Amino acid sequence: MKLKRIHHVAIICSDYERSKHFYVNVLGLEVIHEHYREERNSYKLDLKVNEYDQIELFSFENPPKRLSYPEACGLRHLAFEVENIEEAIAHLQQHEIEVEPIRIDPITGKRFTFFADPDGLPIELYEK
């Protein structure tokens with residue numbers, strides 16, 4: 001088997017409208033398709049990150065909380081590459097999103113930081 005690339009990352013949110021606003025209006029992801037699944041009383045929102053990558057945003061009634069930040073078993077965090085980390089941080093702060101201080105990756109020497117989505121999912125910005 002030869003894997004080509006990651007097709008999408010799936011995220012379950014607790015407040016669909018709040019998370020949709022965050023991913024579309026704050027992070028600037030483009031809506032590909034939005035579908036309400038009546039049998040599950042839930043939404044599925046497909047979001048375009050770039051030409052190849054997608055995020056699927058799901059809503060479910062009363063999803064269990066994340067156990068810890070970010071050491072829960074499973075997905076540790078979602079990381080996005082950015083050209084200019086200061087500009088990205090300023091944009092987030094304009095939307096009143098708290099961003100951790102910039103760190104330096106000791107292996108690559110690249111700069112990175114973390115912030116959280118509305119449900120506390122850790123999101124990393126990694127400067128190219």
Side-chain angles (χ1 to χ4, degrees):
M1 173 172 51
K2 182 178 178 184
L3 302 177
K4 294 171 132 183
R5 63 182 179 87
I6 294 173
H7 181 266
H8 68 269
V9 173
I11 298 170
I12 297 172
C13 64
S14 64
D15 182 326
Y16 179 72
E17 291 302 327
R18 183 176 72 165
S19 292
K20 179 181 175 182
H21 171 79
F22 175 81
Y23 284 96
V24 174
N25 299 339
V26 176
L27 296 187
L29 303 183
E30 179 183 332
V31 174
I32 299 169
H33 181 59
E34 181 176 35
H35 182 73
Y36 178 71
R37 301 174 308 167
E38 189 170 346
E39 71 281 2
R40 293 183 172 191
N41 189 27
S42 89
Y43 281 93
K44 178 181 183 282
L45 180 64
D46 296 324
L47 299 165
K48 182 177 180 178
V49 178
N50 57 35
E51 184 179 348
Y52 305 105
D53 305 317
Q54 295 180 25
I55 291 178
E56 290 180 343
L57 184 65
F58 291 92
S59 68
F60 293 106
E61 290 187 275
N62 303 313
K65 299 275 186 223
R66 186 176 175 86
L67 299 176
S68 68
Y69 179 88
E71 284 75 26
C73 185
L75 179 67
R76 182 176 173 113
H77 63 265
L78 177 61
F80 292 105
E81 183 179 291
V82 295
E83 292 287 331
N84 184 309
I85 201 162
E86 283 94 0
E87 286 179 9
I89 290 170
H91 173 80
L92 292 169
Q93 290 173 335
Q94 287 173 349
H95 290 276
E96 300 180 3
I97 295 172
E98 292 184 35
V99 181
E100 293 182 4
I102 294 173
R103 302 186 224 172
I104 305 295
D105 185 319
I107 297 170
T108 66
K110 300 288 186 173
R111 299 185 315 157
F112 67 98
T113 189
F114 283 92
F115 62 100
D117 85 349
D119 286 303
L121 174 67
I123 300 177
E124 178 181 358
L125 296 179
Y126 198 88
E127 191 172 60
K128 184 176 178 182

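Model, not experiment: these values are computed from the prediction.
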> Heavy atoms, side chains only, cut-off 4.5 Å: are Leu57 and Ser19 in contact?
Replying inline: yes
>> Does atom CD (Glu39) have a neighbourhood of more than 12 heavy atoms from anything else shown, all under 6.0 Å?
In response: yes
> Tell me, which pairs form a salt bridge (charged side-chain N to carboxylate O under 4.0 Å, His left out) where one or both residues lie in residues 10-24, sequence neighbours left out?
Replying inline: Arg18-Asp119, Lys20-Glu34
> So how far is it from Phe60 CZ to Cys13 SG, rounded to the nearest 0.5 Å?
Replying inline: 9.5 Å
> To the nearest 0.5 Å, how far apart are CD in Glu98 and CG in Leu92?
Replying inline: 11.5 Å
> Transitively linked via ILVMFWY side-chain contacts under 4.5 Å: Phe80 with Ile89?
Replying inline: yes
> When rounded to the nearest 0.5 angstrom, what is the spacing between OH in Tyr16 and CD1 in Ile12?
Replying inline: 14.0 Å
> In Å and rounded to the nearest 0.5 Å, what is the CD to CG distance from Glu30 to Asn50?
Replying inline: 11.0 Å
>> Could you report the tightest heavy-atom contact between Val82 and Ala88, atom names first, then the distance?
In response: CG1-CB, 4.2 Å
>> For Tyr52, is the OH atom crowded, meaning more than 12 foreign heavy atoms sit under 6.0 Å from it?
In response: no
> In a check of salt bridge (charged side-chain N to carboxylate O under 4.0 Å, His left out) between Arg111 and each of Glu124, Glu86, Glu100, which one passes?
Replying inline: Glu86
> Do the side chain of Asp117 and the main chain of Leu121 share a donor and acceptor less than 3.5 angstrom apart?
Replying inline: yes
> How many angstroms lie between atom NZ of Lys48 and atom NE2 of His33, to the nearest 0.5 angstrom?
Replying inline: 15.5 Å
> Just wondering, do Phe115 and Gln93 contact through their side chains at under 4.5 Å, heavy atoms?
Replying inline: no
> So with a 6.0 Å cut-off around CD1 of Ile104, is the heavy-atom count from everything else above 12?
Replying inline: yes
>> Restricting to non-hydrogen atoms, name the atom on His8 and the atom on Glu56 that form the minimum distance, rounded to 0.1 Å.
In response: NE2-OE1, 3.2 Å
> Do the non-hydrogen side-chain atoms of Phe114 and Ile123 ever get within less than 4.5 Å of each other?
Replying inline: no
> Does a side-chain heavy-atom distance below 4.5 Å link Arg37 with Lys44?
Replying inline: yes
> Are Ile55 and Val24 linked, directly or through other ILVMFWY residues, by side chains that come within less than 4.5 angstrom of each other?
Replying inline: yes
> How about Lys110 and Tyr126: do any of their side-chain heavy atoms sit closer than 4.5 Å?
Replying inline: yes
> How long is the gap from NZ on Lys128 to CD on Glu81, to the nearest 0.5 Å?
Replying inline: 5.5 Å
>> For Leu45 and Ile32: C-alpha separation, side-chain torsions, deciding distance, then whether side-chain contact (heavy atoms from CB on, under 4.5 Å) applies.
In response: CA-CA 8 Å; Leu45 180 64; Ile32 299 169; over 6 Å; no
> Under the criterion side-chain contact (heavy atoms from CB on, under 4.5 Å), which of Val31, Ile11, Leu27 is the partner of Leu47?
Replying inline: Val31
> For the hydrophobic clusters of this structure (ILVMFWY residues joined by side-chain heavy atoms under 4.5 Å, transitively), does one cluster hold both Tyr43 and Val9?
Replying inline: yes
> Can Asn41 and Glu61 be counted as having a side-chain donor-acceptor contact under 3.5 angstrom?
Replying inline: yes
>> Whether the side chain of His91 engages the backbone of Val26 through a donor-acceptor N/O pair (distance < 3.5 Å, no angle test) should be reported.
In response: yes
